[in-house]
Amino acid sequence: KTSEIISFTDGQKDRGICELVFNNKTLNYYSAPIIDYRYGYENILIVLQTHDGNKEKQVPDETQLKKINHRYRNNLQLLSSIFNLQSKTLVDEKNKSLFTDTQNRIRTLGYINESNYNIEQINSEILSDYINKIVINLFHTYKVNSTRIKLIIDIDKISFNSKNLLPFGLIINELVSNSLKHGFKNITDGELNISFKEKENNYLLSIKDTGAGFPPNFQLQNAETLGLNLVCELTKQLEGEIKLENEKGANFVIILKIKD
């Protein structure tokens, strides 16, 4: 239960003392032999032998979680570095581009663990920070002059479930990458607008550029690129809808239902 906190302190060599706290009120203390320690991603599980038999209690451990997050970030950074070194040995530009795209996806995964993104509900400030990290990395990757391509980010004051943050971030990574690589390929001046609004019990994510846009007969559902296919699949995962407005640039609009 989220309201139940079990604090554990070492007693004798083979025993422990457990304090049971519920709604900030101490209910009881009890001492029991320690049967086993098991470490998981989110909690340390301590198994105590009591008069009722084996009792398992999950003990939230912030220090342990931070260590795991730090190890996870280091592993992703190492993986990104390996891709970077490998890409330098490639001659074919298409293969280099594939490696670069993969690196950016890995970085998007890594940003999740850099701040307070592990809380259940995140606010607009945290969301803006996450989006900025993704976009700034892409501007740097594709050597975009930020004084020529103006970035505008507009986020409503909303509460967003953190379990949706990863697919949400990957969608932004793919669509912004598409704008910078293709939309502004031969255009030196323009705007890239990212907005996330709440309207009529829906979230509306819009990523709009003033670039070249898509061919007039382009159909999103028939896209052949990995990036756009990934966007469509992630939108389905979020139980959302996506549409493309192809006029004076490209405008991707994703509609997500707000769930209780």
Side-chain angles (χ1 to χ4, degrees), residues 79-80 83 86-87 90 92-112 127 130-131 133-144 149-154 160 163-188 190-197 199 202-257:
L79 186 59
S80 180
F83 271 93
Q86 184 66 54
S87 67
L90 300 174
D92 183 75
E93 290 299 322
K94 184 177 181 180
N95 288 335
K96 282 186 177 182
S97 178
L98 292 174
F99 268 75
T100 299
D101 291 343
T102 303
Q103 276 185 284
N104 289 327
R105 291 172 188 134
I106 292 172
R107 292 188 182 113
T108 299
L109 297 176
Y111 295 145
I112 291 284
L127 195 59
Y130 181 51
I131 293 172
K133 286 178 179 178
I134 295 172
V135 177
I136 288 172
N137 169 63
L138 294 174
F139 267 62
H140 175 75
T141 298
Y142 299 114
K143 298 179 174 59
V144 176
I149 304 299
K150 185 179 179 182
L151 174 64
I152 301 172
I153 298 178
D154 184 15
F160 191 65
K163 72 178 181 180
N164 297 324
L165 192 59
L166 182 53
F168 180 83
L170 286 171
I171 287 172
I172 291 175
N173 177 79
E174 297 304 322
L175 294 181
V176 172
S177 294
N178 186 77
S179 290
L180 299 182
K181 286 196 304 179
H182 306 295
F184 292 117
K185 185 175 182 180
N186 298 313
I187 299 175
T188 57
E191 285 187 1
L192 175 61
N193 290 269
I194 302 174
S195 70
F196 193 50
K197 302 288 185 178
K199 185 178 180 182
N202 288 318
Y203 291 130
L204 299 180
L205 171 64
S206 171
I207 298 180
K208 180 180 180 181
D209 66 56
T210 59
F214 289 85
N217 59 345
F218 178 81
Q219 297 294 322
L220 184 59
Q221 61 269 26
N222 297 328
E224 297 180 353
T225 63
L226 173 61
L228 291 179
N229 282 324
L230 182 59
V231 168
C232 292
E233 288 302 315
L234 290 171
T235 302
K236 289 180 184 178
Q237 180 180 322
L238 293 174
E239 299 179 13
E241 301 176 12
I242 182 172
K243 62 179 180 178
L244 170 62
E245 298 173 356
N246 193 23
E247 185 178 350
K248 296 181 180 179
N251 181 23
F252 287 91
V253 179
I254 296 176
I255 304 171
L256 305 175
K257 290 184 179 179

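If you're wondering where the values come from, they're calculated on a predicted model, not measured in any experiment. When a residue number appears, it is its place in the shown sequence, counting from 1.
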Asks: What pairs with E233 under salt bridge (charged side-chain N to carboxylate O under 4.0 Å, His left out), at least two apart in sequence or on another chain?
Replies: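 Partners of E233 by the salt bridge (charged side-chain N to carboxylate O under 4.0 Å, His left out) criterion, ordered by chain and then number, come out as K236.
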Asks: If you look at every heavy atom in N95 and D92, which pair is closest and at what distance?
Replies: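 So the minimum-distance heavy-atom pair works out to N-OD2, 3.0 Å.
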Asks: Does K185, at its NZ atom, have more than 12 non-hydrogen atoms belonging to other residues, nucleotides or ligands within less than 6.0 Å?
Replies: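 It does not: K185 NZ has 12 such atoms or fewer within range.
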Asks: In chain order, what residues pass the side chain to side chain donor-acceptor pair (under 3.5 Å) check against E247, with sequence neighbours excluded?
Replies: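 Counting only residues at least two positions away or on another chain, E247 forms no side chain to side chain donor-acceptor pair (under 3.5 Å).
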Asks: Could you check I254 against I207 for side chain to side chain contact (heavy atoms under 4.5 Å, CB included), going step by step and ending with a plain yes or no?
Replies: CA-CA 9 Å; I254 296 176; I207 298 180; over 6 Å; no
Asks: Dump the intermediate steps for side chain to side chain contact (heavy atoms under 4.5 Å, CB included) on L256 and L205, then the final yes or no.
Replies: CA-CA 8 Å; L256 305 175; L205 171 64; 5.7 Å; no
Asks: Scan side-chain atoms only and decide if S206 and N251 contain a donor-acceptor pair under the 3.5 Å cut-off.
Replies: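 Per modelled atom types, S206 and N251 side chains form a pair under 3.5 Å.
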Asks: Answer yes if the side chains of N104 and N137 hold a donor-acceptor pair under 3.5 Å, and no otherwise.
Replies: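 N104 vs N137: donor-acceptor pair found between side chains.
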Asks: Pairs under 3.5 angstrom only: tabulate donor-acceptor contacts from the side chains of residues 220-227 to other protein residues two or more places apart or in another chain.
Replies:
unit_1	atom_1	unit_2	atom_2	d
Q221	NE2	Q219	OE1	3.4
T225	OG1	L228	N	3.4

Asks: List for me each residue that meets salt bridge (charged side-chain N to carboxylate O under 4.0 Å, His left out) alongside K181, sequence neighbours excluded, and say none if there are none.
Replies: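 K181: salt bridge (charged side-chain N to carboxylate O under 4.0 Å, His left out) contacts with D101.
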Asks: Please list all pairs passing the ring pair (Phe, Tyr, Trp, His ring centres under 6.0 Å) test where one or both residues lie in residues 230-252, with sequence neighbours left out.
Replies: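 Every ring pair (Phe, Tyr, Trp, His ring centres under 6.0 Å) pair that includes a residue of residues 230-252, provided the two are not neighbours, is F214-F252.
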Asks: Which residue is it: L151, V144, L138? I am looking for the one with a side chain to side chain contact (heavy atoms under 4.5 Å, CB included) to L192.
Replies: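 Considering L151, V144, L138, a side chain to side chain contact (heavy atoms under 4.5 Å, CB included) with L192 is found only for L151.
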Asks: May I ask you to test the I194-V135 pair for a side-chain heavy-atom distance under 4.5 Å?
Replies: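 Sidechains of V135 and I194: in contact.
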Asks: Could you tell me which non-hydrogen atom of F184 sits nearest to which non-hydrogen atom of I149, and how far apart they are?
Replies: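 Nearest pair, atom of F184 first, then I149: CD2-CD1, 3.7 Å.
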Asks: Quick one: pull up OG1 in T235 and CD1 in I242 and give me the separation to the nearest 0.5 Å.
Replies: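 Answer rounded to 0.5 Å: 4.5 Å.
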Asks: Quick check: closest heavy atoms across E191 and I152, and the distance to 0.1 Å?
Replies: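 The pair with the smallest heavy-atom distance is OE1-CD1, 3.8 Å.
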Asks: If you define the side chain from C-beta out and look only at heavy atoms, does anything of E245 sit under 4.5 Å from V253?
Replies: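 When only atoms from C-beta onward are counted, V253 and E245 do touch, with a gap below 4.5 Å.
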Asks: Does some side-chain heavy atom of F196 sit less than 4.5 Å from a side-chain heavy atom of I153?
Replies: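 Answer no - side chains too far apart.
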Asks: For S179 and D209, which I'm curious about, is there any donor-acceptor pair between the side chains at under 3.5 Å?
Replies: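 A pair is found: one side chain offers a donor N or O, the other an acceptor, under 3.5 Å apart.
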Asks: What donor-acceptor contacts under 3.5 angstrom involve side-chain atoms of residues 165-178, with partners at least two apart or in another chain?
Replies:
unit_1	atom_1	unit_2	atom_2	d
N173	OD1	T108	OG1	3.4
E174	OE1	R105	NH2	3.1
E174	OE2	R105	NE	2.6
S177	OG	N173	O	2.6

Asks: Are Y203 and F160, when compared by the centres of their aromatic rings, separated by less than 6.0 Å?
Replies: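 Y203 vs F160: aromatic centres under 6.0 Å.
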Asks: Let me confirm one number: the NE2-CD1 distance from H182 to I187, rounded to the nearest 0.5 Å.
Replies: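 Result: 13.0 Å between the selected atoms.
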